[in-house]
K.L.:
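I am attaching a structure below and will ask some questions about it afterwards.
Numbers for residues simply follow the sequence, beginning at 1. Counting convention: from 1, in listed order, for ligands and their atoms alike. Computed from heavy atoms alone, side chains included, the values below leave out hydrogens, waters and symmetry copies.
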Amino acid sequence: MKEFDYIIIGGGCAGLSLAYELQINEKLKDKTLAIIELRTEYKKDKTWSFWKVADHNFDDCVKKNWENFSVNISKKTNHLECASYPYQSIDSGLFYKKINKQLKENKNISFFKDINEINSKNSFIFNSVPFIKKDYQNLWQHFCGVEIETKTNFFDDEIFNLMDFDCEQRESVHFFYTLPYSKTKALVETTWLSKMNDSSQKDYDRQIKDYIENHLNLKNYKITYKEEGAIPLFYPTYEKEKNKINIGTAGGMTRLSTGYTFLNIQEHSKYICQNIENISNTKKFEISKKYQYLDNIFLKVLDKNPKMMPDIFFKMFKSSPKTVIKFLSNKSNFFEDLSIILKMPKLTFIKALFY
Ligand SMILES: Cc1cc2nc3c(=O)[nH]c(=O)nc-3n(C[C@H](O)[C@H](O)[C@H](O)COP(=O)(O)OP(=O)(O)OC[C@H]3O[C@@H](n4cnc5c(N)ncnc54)[C@H](O)[C@@H]3O)c2cc1C
């Protein structure tokens with residue numbers, strides 16, 4: 001059986017980002033790489049959005065940048081500006097196409113469906129397939145989004161809506177998220193932060209139809225694309241092994257309070273690439289302990305006080321947008337953290353320290 005220097009298990013966002021990073025930095029000229037991926041064809045299946053607080057390799061896969069956004073609660077709207085860190089949406093279809101085209105050019109890179117097709121004994125493995133235990137105590141961000149098209153101009157594509165809490169909460173945390181790609185096209189997403197034992201929240205189609213038709217007051221539109229997903233708001237477990245590193249969601253690259261993962265994956269890929277020659281002895285890359293600690297408290301508050309969350313999010317955005325964006329994107333300094341923390345209801349958060 002064939003042997004490879006490196007194996008990437010899972011050719012999704014993290015696996016392909018890492019392979020691409022290694023390829024463009026010429027780390028695979030004299031080394032071989034096997035990518036183990038189950039899917040038979042790559043097509044658009046996700047839209048990755050984030051505030052651009054760091055450079056990445058995929059500016060040419062960006063569908064749209066925004067410099068303004070809004071947050072809504074109880075008919076109040078907070079308009080915010082984000083010109084210094086524009087919000088970007090990446091089309092996964094373009095991302096897969098770009099990377100796969102580049103990887104095909106290198107004869108040292110091969111794709112397989114199953115790791116048992118090769119000899120993995122002496123390889124260094126990057127694993128992006130998470131092991132997730134079915135535990136109903138864990139919180140998830142689960143959502144469904146549709147891209148819609150209208151015949152006449154309807155959307156203001158200069159501003160996107162990050163969170164609209166003016167929708168049924170059902171004793172949980174629920175909001176809509178709207179990304180207007182143009183005046184006639186938008187992604188409208190229903191998002192829940194909850195435990196997954198409650199399937200009653202999964203009537204996504206009905207929620208989206210009701211929001212578009214009765215909240216946005218849009219009657220004539222057609223759905224052109226749909227995506228559904230669930231992001232774990234906890235770290236998947238894995239066993240430490242000398243010749244293996246977990247990457248992507250499996251490697252703890254999700255910011256637990258927000259679900260944002262894409263840019264962390266890009267930073268992790270760059271880190272691995274810089275240290276690839278000595279990867280077995282390189283310090284683990286992780287989201288800083290400060291954010292892990294603060295997110296843990298935040299999620300405890302969310303779990304115990306779902307009704308307070310729309311107000312808590314709204315209050316958070318009373319800080320300067322730049323501060324909030326840096327905080328949510330793991331780039332804030334001590335004073336910026338403090339400015340956010342001081343906006344939070346103190347007693348509720350102090351109580352959460354003791355749950
Ligand atoms: C619909 C959706 C939208 C998201 N939107 C955003 C966003 O806007 N912003 C953001 O920052 N994050 C977002 N995320 C979170 C995160 O960025 C994505 O989940 C991202 O794809 C994670 O990358 P990954 O490589 O860890 O997992 P994936 O991209 O899911 O890659 C895992 C790969 O492993 C393959 N695989 C699975 N099992 C096996 C196996 N046994 N053997 C071999 N291969 C296997 C899968 O086919 C897949 O290709 C979103 C997640 C989802 C689900």
Side-chain angles (χ1 to χ4, degrees), residues 7-21 34-54 56 58 61-64 66 69 85 87-93 95-96 99-100 111-118 120 125-132 140-147 160 162-163 177-179 181 187-192 196 204 225-236 238 245-269 272 287 325 328-330:
I7 297 175
I8 293 177
I9 307 178
C13 182
L16 291 185
S17 296
L18 175 59
Y20 185 80
E21 192 69 42
I35 301 176
I36 317 294
E37 170 55 48
L38 284 181
R39 62 179 112 188
T40 45
E41 70 165 326
Y42 278 98
K43 52 180 189 216
K44 174 173 155 186
D45 57 357
K46 294 179 187 85
T47 311
W48 292 299
S49 308
F50 49 87
W51 281 284
K52 194 186 179 193
V53 295
H56 58 77
F58 305 104
C61 304
V62 169
K63 276 180 86 134
K64 174 125 180 119
W66 293 268
F69 65 105
Y85 300 119
Y87 199 71
Q88 298 192 315
S89 268
I90 292 214
D91 180 323
S92 57
F95 168 96
Y96 297 138
I99 297 181
N100 282 321
F111 277 83
F112 298 89
K113 291 250 167 332
D114 193 318
I115 196 158
N116 294 318
E117 293 175 50
I118 58 175
S120 58
I125 299 177
F126 301 96
N127 172 45
S128 69
V129 178
F131 171 70
I132 294 186
W140 291 76
Q141 183 184 113
H142 60 104
F143 48 88
C144 177
V146 294
E147 276 182 22
F160 75 95
L162 182 69
M163 294 173 137
Y177 168 63
T178 304
L179 296 177
Y181 298 129
L187 173 81
V188 179
E189 202 159 277
T190 178
T191 303
W192 294 85
M196 289 292 262
Y204 299 135
Y225 163 79
K226 184 172 170 180
E227 70 181 39
E228 205 175 307
I231 303 175
L233 301 181
F234 56 93
Y235 293 124
Y238 60 90
I245 289 180
N246 274 21
I247 57 173
T249 303
M253 286 302 110
T254 299
R255 181 71 193 275
L256 298 188
S257 55
T258 62
Y260 287 118
T261 316
F262 184 86
L263 261 196
N264 299 329
I265 286 176
Q266 303 316 317
E267 293 196 35
H268 195 190
S269 301
I272 293 172
I287 291 178
I325 291 167
L328 297 179
S329 312
N330 335 328

K.L.:
Considering only heavy atoms, does F50 approach ligand 1 within less than 4.0 Å through its side chain, its backbone, both, or neither?
P.N.:
neither
K.L.:
Using only heavy-atom distances, determine whether the side chains of D45 and Y96 contain a donor-acceptor pair under 3.5 Å.
P.N.:
yes
K.L.:
For G10, is there any backbone N or O sitting under 3.5 Å from a side-chain donor or acceptor partner on S128?
P.N.:
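Yes, S128 side chain to G10 backbone: donor-acceptor pair under 3.5 Å.
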K.L.:
Would you say the side-chain atoms of E227 pair up with the backbone N or O of T47, donor to acceptor, closer than 3.5 Å?
P.N.:
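Yes, the answer is positive, given that a donor and an acceptor are paired below the 3.5 Å cut-off.
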K.L.:
For Y260, take its heavy atoms, then give the atoms of ligand 1 lying under 4.0 Å from any of them.
P.N.:
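Selected atoms, number and element: 9 (N), 10 (C), 11 (O).
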K.L.:
Would E37 count as being in polar contact with ligand 1, using the rule that some N or O on each side must be under 3.5 angstrom apart?
P.N.:
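Min N/O separation from ligand 1 is below 3.5 Å for E37.
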K.L.:
Any idea how F111 and Y42 line up, ring-wise: parallel (<30°), tilted (30 to 60°), or perpendicular (>60°)?
P.N.:
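F111 and Y42: perpendicular rings.
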K.L.:
Check whether any N or O atom of A14, backbone or side chain, sits under 3.5 Å from an N or O atom of ligand 1, and answer yes or no.
P.N.:
yes
K.L.:
Under 4.0 Å from a heavy atom of K46: which atoms of ligand 1 are those, numbered in the order shown and with their elements?
P.N.:
1 (C), 2 (C), 21 (O), 29 (O), 30 (O), 52 (C), 53 (C)
K.L.:
Which is closest to atom 38 (N) of ligand 1 by heavy-atom distance: T258, L38, T47?
P.N.:
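The residue whose heavy atom sits nearest atom 38 (N) of ligand 1 is L38.
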K.L.:
N/O to N/O below 3.5 Å, does that happen between T249 and ligand 1?
P.N.:
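N/O-N/O distance under 3.5 Å: yes.
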K.L.:
Are the ring centres of H56 and F95 closer than 6.0 Å?
P.N.:
no
K.L.:
Among all protein heavy atoms, pick out the one at the shortest distance from atom 43 (C) of ligand 1; state its residue, atom name and that distance to 0.1 Å.
P.N.:
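Among all protein heavy atoms, the one nearest atom 43 (C) of ligand 1 is I36 O, 3.5 Å.
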K.L.:
On a heavy-atom basis, I'd like to know which of S329, C13, G11 is closest to atom 23 (O) of ligand 1.
P.N.:
C13
K.L.:
Hey, does Y177 come in under 3.5 Å of ligand 1, counting only N/O atoms on both sides?
P.N.:
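Y177 vs ligand 1: no N/O contact under 3.5 Å.
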K.L.:
Say whether M253 and ligand 1 are in contact under the criterion: heavy-atom distance to a ligand atom below 4.0 Å.
P.N.:
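Heavy atoms of M253 never come under 4.0 Å of ligand 1.
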K.L.:
With rounding to the nearest 0.5 angstrom, report the CG to CD1 distance, N127 to I245.
P.N.:
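N127 CG to I245 CD1: 11.0 Å, rounded to 0.5 Å.
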K.L.:
Given the side-chain rings of F69 and Y87, with only the six-membered ring counted for Trp, is the space between their centroids under 6.0 Å?
P.N.:
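Not close enough - the centres of the two rings lie 6.0 Å or further apart.
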K.L.:
Start with the C-alpha distance between K44 and D91, add both sets of side-chain angles, then the distance that settles side chain to side chain contact (heavy atoms under 4.5 Å, CB included), and finish with yes or no.
P.N.:
CA-CA 7 Å; K44 174 173 155 186; D91 180 323; 3.5 Å; yes
K.L.:
Can you check whether a protein heavy atom sits less than 4.0 angstrom from atom 27 (O) of ligand 1?
P.N.:
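No, there is no protein heavy atom closer to it than 4.0 Å.
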K.L.:
Ring centres under 6.0 Å, that's the criterion: do F143 and Y177 meet it?
P.N.:
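Between Y177 and F143, which both carry aromatic rings, the centre distance is not below 6.0 Å.
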K.L.:
Judged on heavy-atom distance to atom 37 (C) of ligand 1, which of V129, I35, N246 sits nearest?
P.N.:
V129
K.L.:
Numbering the atoms of ligand 1 from 1, which are under 4.0 Å from a heavy atom of E228?
P.N.:
1 (C)
K.L.:
Rounded to the nearest 0.5 Å, what separates atom CD1 in I125 from atom CD1 in I7?
P.N.:
4.5 Å
K.L.:
Rounded at 0.5 Å granularity, tell me how far OG in S329 sits from OH in Y260.
P.N.:
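S329 OG to Y260 OH: 7.5 Å, rounded to 0.5 Å.
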K.L.:
Run the numbers for me: atoms of ligand 1, each under 4.0 Å from some heavy atom of I265, listed by number.
P.N.:
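So the atoms of ligand 1 that pass are 22 (C), 23 (O).
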K.L.:
Which heavy atom of the protein is the closest neighbour of atom 34 (O) of ligand 1, given with residue, atom name and distance?
P.N.:
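Among all protein heavy atoms, the one nearest atom 34 (O) of ligand 1 is G10 CA, 3.3 Å.
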K.L.:
Among all protein heavy atoms, pick out the one at the shortest distance from atom 50 (C) of ligand 1; state its residue, atom name and that distance to 0.1 Å.
P.N.:
I231 CD1, 3.7 Å
K.L.:
N/O to N/O below 3.5 Å, does that happen between T261 and ligand 1?
P.N.:
yes
K.L.:
Show the atoms of ligand 1 that are less than 4.0 angstrom away from any heavy atom in G259.
P.N.:
12 (N)
K.L.:
Only heavy atoms of G248, strictly under 4.0 Å: list the atoms of ligand 1 that pass.
P.N.:
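That gives atoms 26 (O) of ligand 1.
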K.L.:
Between C13 and F262, does a side chain to side chain contact (heavy atoms under 4.5 Å, CB included) hold up when you go through it step by step?
P.N.:
CA-CA 8 Å; C13 182; F262 184 86; 3.6 Å; yes
K.L.:
Ignoring hydrogens, just give me the one of F112, Y96, W48 whose non-hydrogen atom is nearest atom 18 (C) of ligand 1.
P.N.:
W48
K.L.:
For atom 31 (O) of ligand 1, what is the nearest protein heavy atom, given as residue, atom name and distance?
P.N.:
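Sorting protein heavy atoms by distance from atom 31 (O) of ligand 1 puts G12 CA, 3.3 Å first.
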K.L.:
Which distance, rounded to the nearest 0.5 Å, do you find between the NZ of K113 and the CG of L38?
P.N.:
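Rounded to the nearest 0.5 Å, the NZ-CG separation comes to 8.0 Å.
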K.L.:
Looking at non-hydrogen atoms alone, which of Y87, F95, F143, F262 comes nearest to atom 4 (C) of ligand 1?
P.N.:
F143
K.L.:
Give the numbers and elements of all ligand 1 atoms closer than 4.0 Å to a heavy atom of R39.
P.N.:
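Per the distance check, 48 (C), 49 (O).
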K.L.:
How long is the straight-line distance from CD1 of I325 back to OH of Y85, given to the nearest 0.5 Å?
P.N.:
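It comes to 8.5 Å.
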K.L.:
Would you say the side-chain atoms of Q266 pair up with the backbone N or O of S17, donor to acceptor, closer than 3.5 Å?
P.N.:
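The answer is no, because no donor-acceptor pair under 3.5 Å joins these two groups.
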K.L.:
Around atom 7 (C) of ligand 1, find the nearest protein heavy atom and jot down its residue, atom name and distance.
P.N.:
S49 N, 3.3 Å
